[in-house]
Protein chains: 2
Amino acid sequence: MTPDPVSRFRRFSRAVTSEVGALDQSFLGRGRPLGTARVLNAIGQGRTEVAAIRDYLGLDSGLMSRLLRGLEAEGLVTTGPHPEDARARVAVLTPDGEAEFAAYEALSDQRAADTLARHPRPEALLAAMDLVASALGRDRITLEERDPRDETSRYCLQEYYAELARRFETGFDPQLSRDPEATDMIAPRGAFLVAFSDGLPLGCVGLKGSGGPVAEIKRLWIAPSARGLGLSKRLMAEIEARARTLGITTLRLDTNSALPEAVALYRGLGWTEIDRFNDDPYPDHFFEKHL
Amino acid sequence: MTPDPVSRFRRFSRAVTSEVGALDQSFLGRGRPLGTARVLNAIGQGRTEVAAIRDYLGLDSGLMSRLLRGLEAEGLVTTGPHPEDARARVAVLTPDGEAEFAAYEALSDQRAADTLARHPRPEALLAAMDLVASALGRDRITLEERDPRDETSRYCLQEYYAELARRFETGFDPQLSRDPEATDMIAPRGAFLVAFSDGLPLGCVGLKGSGGPVAEIKRLWIAPSARGLGLSKRLMAEIEARARTLGITTLRLDTNSALPEAVALYRGLGWTEIDRFNDDPYPDHFFEKHL
DNA sequence: GCTATTGACTGACTTGTGTCAGGGAAATTT
DNA sequence: AAATTTCCCTGACACAAGTCAGTCAATAGC
């Protein structure tokens with residue numbers, strides 16, 4: 001009886017089902033029905049527009065209205081008209097509501113910390129969880145334009161450099177690669193995109209503009225747990241679209257044969273190989289694409 | 001913003017929560033309430049005693065009764081008195097019930113197969129899922145006595161030999177290790193235990209008896225995804241208990257320094273190192289324990 | 001300005017889920 | 001043989017969750 005893939009998958013399903021159930025149970029321990037708790041949490045996570053919350057939780061408009069009224073009666077939430085459309089409403093937590101939200105957060109955090117603490121190899125467990133979460137949540141990965149200097153972007157870039165250092169036989173010193181002024185990757189000259197799955201950054205790509213019609217694609221990175229999910233294609237398609245709206249007509253990029261999947265990606269996306277266009281010591285492949 | 005462990009864990013939680021929710025939704029697609037579907041599945045999985053089902057699903061006796069009556073009214077289940085205790089009842093699926101159960105199974109299998117098929121590295125995904133499932137389900141690991149010749153046991157032994165082959169510099173040929181007659185690992189001479197998590201075998205250990213007061217512990221194996229969870233201690237404690245009930249007073253075992261965690265385990269469990277007691281070519285450490 | 005649409009709210013309703021207090025039959029204890 | 005316990009069933013009830021039709025106010029389109 002070699003365990004077959006489907007039964008291994010389903011064993012996983014049963015394990016997480018009972019885990020999810022247990023978390024729901026501990027939520028109920030705070031004396032509030034689950035639906036109400038879910039709305040409270042959605043608001044706490046920063047979703048203020050009622051329509052957005054309803055959409056996120058998949059609730060009927062009537063039910064949503066009643067749950068909100070319940071939270072208002074408890075003094076946890078206040079609602080008011082949307083500043084830009086007085087038909088719509090926004091909900092915000094009162095200080096009491098913030099405290100309740102924090103209590104729910106603490107319950108979840110505690111469960112997570114307990115499970116991690118009980119495991120002999122928490123880092124391996126987390127890596128496995130990242131992989132599973134990326135696989136299950138691949139349809140919920142969103143792309144966001146970010147300032148390349150903010151904390152999240154710097155995390156992505158740091159991971160990118162670490163990956164290069166591992167891949168290049170000679171190692172990699174980010175100082176040596178011409179680090180563009182970050183402002184070249186900010187509109188209107190350029191752009192910097194980060195891919196998020198449920199708040200976790202999984203990839204990035206930069207468009208380094210020069211003010212003219214030619215720009216460079218830089219810093220394409222995909223987290224190991226998210227590779228193979230087609231994320232690099234999505235990032236490339238989106239950054240090309242941004243380039244078009246910025247009036248750029250020619251895109252260039254360089255890469256290294258130590259990254260064969262990158263070379264294959266660019267070829268597959270219709271880039272044509274061209275001669276070296278800079279004297280950066282690391283790249284050995286150069287591509288161009290006309291928009 | 002380096003993602004911290006707890007937020008990575010919670011991202012995983014959200015991903016599987018929506019996965020579980022989606023599976024529930026597809027179950028509801030068969031037009032039966034979730035509670036009813038769960039009972040049907042529990043019966044289909046081979047749980048026939050009503051009390052056992054109730055316990056497994058955590059249901060109130062009244063609710064359970066009503067759900068069963070509903071399934072009977074649909075013609076999917078028949079109930080009758082328990083053969084050994086006429087107060088208790090057992091439930092079995094009718095042919096229609098079997099068909100419905102199969103339809104639910106097919107839904108789950110389909111979801112699993114789809115997700116696996118969409119992933120670029122299904123084997124890596126499954127390994128990650130095994131690891132996560134073992135971590136979350138560590139309290140639900142059960143030990144069962146098995147015939148060492150059955151399919152499940154042979155799977156464990158095969159994994160055990162494969163592990164030795166990887167670990168030993170010289171490789172490992174199971175033919176060379178004196179393979180005891182399997183009957184030596186069956187009561188009343190010995191025993192063979194397999195650890196299961198939700199149907200998946202995660203470890204094993206054998207007690208090879210000789211008919212006398214001395215017996216040998218053999219074939220202690222733990223699946224990679226379940227290491228560090230204390231399973232080896234549980235298996236050893238249980239096999240020692242079996243040895244006691246079989247009247248065995250002295251236990252021996254041999255192992256190899258290429259398996260340092262095994263050597264450490266035996267020392268930690270109160271075994272004392274002794275001189276070589278066989279001429280098997282592989283082991284270089286020998287232990288004994290008086291019960 | 002008039003009309004149609006959108007977003008939220010309300011009341012009435014259904015269904016699912018879970019609890020509780022008994023009741024009857026079988027098993028066990030005294 | 002009587003009393004007690006165990007197991008399941010039943011009816012009554014409560015509440016959560018979700019649906020639906022209708023209402024009202026704000027907005028958008030003409």
Side-chain angles (χ1 to χ4, degrees), chain A residues 17 20-22 24-43 47-74 76-92, chain B residues 17 20-43 47-74 76-92 104:
Chain A
T17 298
V20 166
D24 284 354
Q25 279 306 111
S26 74
F27 268 25
L28 287 173
R30 292 202 61 79
R32 209 166 274 115
L34 214 48
T36 313
R38 293 213 304 155
V39 172
L40 185 67
N41 275 291
I43 302 172
R47 273 170 248 264
T48 55
E49 285 156 44
V50 170
I53 300 167
R54 224 175 42 204
D55 196 48
Y56 172 63
L57 298 176
L59 295 177
D60 173 84
S61 134
L63 181 52
M64 179 75 211
S65 182
R66 237 167 307 235
L67 293 174
L68 267 180
R69 224 181 7 165
L71 285 168
E72 275 189 307
E74 278 193 90
L76 303 176
V77 162
T78 54
T79 63
H82 192 288
E84 286 165 19
D85 183 343
R87 291 169 303 181
R89 295 184 77 78
V90 290
V92 289
Chain B
T17 298
V20 166
L23 184 60
D24 284 355
Q25 278 306 111
S26 72
F27 269 23
L28 287 174
R30 291 201 61 78
R32 209 165 275 114
L34 213 49
T36 313
R38 294 211 306 154
V39 171
L40 186 67
N41 275 292
I43 302 172
R47 275 171 246 264
T48 56
E49 285 155 45
V50 170
I53 300 167
R54 224 175 43 204
D55 196 49
Y56 171 64
L57 298 176
L59 296 176
D60 172 84
S61 132
L63 180 53
M64 177 76 212
S65 184
R66 224 154 311 154
L67 293 173
L68 268 180
R69 226 181 6 166
L71 286 168
E72 274 189 307
E74 278 194 89
L76 302 177
V77 162
T78 54
T79 63
H82 191 289
E84 286 165 20
D85 182 342
R87 291 170 302 182
R89 296 184 76 77
V90 291
V92 288
Y104 280 109

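First the proteins, then the strands, lettered A, B, ... as listed; each starts at 1.
- Using a 4.5 Å heavy-atom threshold, the side chains of A/Ile43 and A/Leu68 count as touching.
- For the pair B/Glu49 CD and C/dA26 P, the computed distance is 18 Å after rounding to whole Å.
- For the pair A/Val50 and A/Met64, the tightest heavy-atom approach, listed with the atom from each and the gap, is CG1-CG, 4.0 Å.
- Within the 4.5 Å cutoff, the side chain of B/Leu28 has heavy atoms near those of the B/Gln25 side chain.
- Regarding B/Leu71, its CG atom lies at a distance of 12 Å from the P atom of D/dC9, rounded to whole Å.
- Atom C1' of nucleotide D/dC15 and atom CG of A/Leu28 are separated by 13 Å, given to the nearest angstrom.
- Using a distance-only test at 3.5 Å, with no hydrogens or angles considered, a donor-acceptor pair links the side chain of B/Asn41 to the main chain of B/Ala37.
- Within the 4.0 angstrom heavy-atom criterion, only backbone atoms of the sugar-phosphate kind lie near B/Arg54; the bases stay farther away.
- Nucleotide D/dA17 holds its C1' atom 17 Å from the CZ atom of A/Arg32, rounded to whole Å.
- Look at B/Arg89 and you'll find a side-chain N or O under 4.0 angstrom from OP1 or OP2 of D/dC9.
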Using nucleotides 17-24 of chain C, report all nitrogen or oxygen pairs with the protein that are shorter than 3.5 Å.
{"residue": "C/dT17", "atom": "OP1", "partner": "B/Gly35", "partner atom": "N", "Å": "3.2"}
{"residue": "C/dG18", "atom": "O6", "partner": "B/Arg66", "partner atom": "NH1", "Å": "3.4"}
{"residue": "C/dT19", "atom": "O4", "partner": "B/Arg66", "partner atom": "NH2", "Å": "3.3"}

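- For A/Ala86, the side-chain atoms get nearest to D/dT27 when compared with the rest of D/dC9, D/dT27, D/dC8.
- If you measure from atom CG of A/Asp85 to atom P of D/dA28, you get 6 Å, rounded to the nearest angstrom.
- Under the 4.5 Å side-chain criterion, counting only non-hydrogen atoms from C-beta, A/Arg32 is in contact with A/Leu76.
- Taking side-chain N and O atoms only, A/Arg87 has no distance below 4.0 Å to OP1 or OP2 of C/dT5.
- Spacing between atom CZ of B/Arg69 and atom P of D/dT10 amounts to 5 Å, rounded to whole angstrom units.
- Between the CG atom of B/Asp55 and the P atom of D/dT6 there is a distance of 16 Å, given to the nearest Å.
- Taking every heavy atom of both residues into account, A/Val90 and A/Pro81 meet most closely at CG2-O, 3.9 Å.
- The shortest side-chain heavy-atom distance between A/Thr17 and B/Leu23 does not fall under the 4.5 Å cut-off.
- Rounded to an integer number of Å, the gap from A/His82 NE2 to D/dA28 P is 12 Å.
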